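Heads up: the structure comes next, in structure tokens.
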2 protein chains.
Amino acid sequence: MTEHERPAVTVDVFALTFLENDLRVLLIQRARPPHAGHWALPGGFVEPHEPLAKAAERELFEETGLKVNRLEQLHTFGDPGRDPRGWAISIAFIALVAADAARLIGDDEEVMAIQWHPAHDLPPLAFDHVQIIDHAMQRLRERADDLAWLGQALPARFTLSELQRLYELAGGQEVDKRNFRRWAFAQGCLEKTEAMRYGDHRPAHLYRLKSVP
Amino acid sequence: MTEHERPAVTVDVFALTFLENDLRVLLIQRARPPHAGHWALPGGFVEPHEPLAKAAERELFEETGLKVNRLEQLHTFGDPGRDPRGWAISIAFIALVAADAARLIGDDEEVMAIQWHPAHDLPPLAFDHVQIIDHAMQRLRERADDLAWLGQALPARFTLSELQRLYELAGGQEVDKRNFRRWAFAQGCLEKTEAMRYGDHRPAHLYRLKSVP
């Protein structure tokens with residue numbers, strides 16, 4: 001196959017969590033050109049013969065310290081001009097993670113900073129990462145009804161108010177509290193714990209996701 | 001980016017139609033190694049800086065004469081060993097097409113034959129194309145309820161029996177005729193035509209998909 005010109009191939013990871021009552025996307029600040037100083041999704045070059053999901057897990061861990069073992073492929077991006085260095089194709093992955101599980105300690109000298117950015121208030125981004133994030137947010141809207149999937153963005157214990165807020169932000173519309181709770185319980189993925197949360201409001205029961213067999 | 005080894009990058013197309021009351025997948029028989037004589041999905045190398053969907057459309061047309069302008073990305077495959085020639089990544093696309101619109105006349109000397117094969121009785125396939133087809137059939141099951149999408153596999157005019165049969169094959173389970181028809185009409189994508197089909201059974205009204213605005 002040597003007669004064919006070959007593209008550079010990278011992976012990028014859209015990692016989303018629910019933090020401080022908001023959707024947040026994990027971004028790294030690039031230390032080197034191109035787009036030095038700009039924020040970007042974690043990612044990098046696929047090693048020869050490396051399975052694509054493995055490459056995504058590795059890059060995410062190297063750049064942010066985040067370990068995720070359930071990365072799903074989102075979409076592959078290959079439009080001309082998406083990388084100023086030349087022909088480059090990127091396979092994007094999506095992961096919903098609990099922020100409380102995330103120790104953000106990268107070990108990559110190409111990264112200046114790591115941060116969970118509010119999904120609806122993003123800084124200027126490198127490459128075509130705006131398109132990748134748009135695609136991921138669209139996937140989130142389409143799949144918001146899959147609570148067992150969406151709930152992975154919550155901490156291990158959460159209130160029903162938090163679940164509803166996450167659902168509304170992901171789906172892009174507000175829902176009635178009573179209808180939502182009835183529907184959410186009917187999904188069969190919620191388990192009430194013994195714990196309560198005490199704060200400014202009435203004490204609230206804490207729930208968790210049933211572990212999938 | 002020259003310091004990085006680069007994979008060969010191809011596109012493959014899973015084109016599906018409803019023909020002779022069965023799901024059928026478009027396959028080509030390879031004229032050259034690797035896997036000469038074996039059947040495979042249409043596809044080939046992406047040209048430098050070519051948008052991926054364009055590459056898929058081009059390869060499909062060159063190899064089979066089929067013109068499709070609504071190719072959707074399915075999944076990207078990059079497991080080690082999937083191509084005996086070396087490190088190779090393939091972006092797979094899915095298209096549902098009316099067989100009556102398909103003039104199968106390829107213009108590619110690497111192709112010995114072109115055929116719509118029954119999806120549930122496939123010949124031995126080249127590369128990892130079994131996995132690609134498994135993935136596509138899974139997508140079909142997940143999205144069978146989207147009749148406006150699924151119906152693209154039907155001829156321009158079809159009977160409700162044909163629609164039901166396609167739905168059952170795609171979704172992997174039989175459904176009750178009356179319930180199915182009530183549900184199908186409620187989807188709002190069917191339009192009754194003036195035409196009837198006369199055959200061995202009672203004359204049947206012909207329907208078509210409403211054109212999407």
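All of these numbers come straight from a predicted model, not from anything done at the bench. Naming: A, B, ... by sequence-line order, numbering from 1 per chain.
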Problem - For B/W87 against A/R6, the heavy-atom pair lying closest together - result: O-NH1, 4.2 Å
Fill in the blank from the handout: Counting heavy-atom pairs under 4.5 Å with chain B, the top scorer among A/V46, A/T76, A/D79, A/L52 is A/T76
Fill in the blank from the handout: Residue from A/R82, A/K54, A/Q73 scoring the most non-hydrogen pairs under 4.5 Å with chain B is A/Q73
Exercise for the section: Let me see the working for A/I91 and B/F77 under side-chain contact (heavy atoms from CB on, under 4.5 Å), right down to the final yes or no. Expected result: CA-CA 10 Å; A/I91 300 105; B/F77 295 81; over 6 Å; no
Exercise for the section: Heavy-atom distances under 4.5 Å only: say whether A/I89 touches chain B with side chain, backbone, both or neither. Expected result: side chain
Handout entry: Residue B/E191 excluded, over 12 heavy atoms near CD under 6.0 Å
Key = yes
Handout entry: Atom CD of B/E174: over 12 foreign heavy atoms under 6.0 Å
Key = no
Problem - Among the listed options B/P80, B/G81, B/A53, B/A55, the residue most often paired with chain A at heavy-atom distances under 4.5 Å - result: B/P80
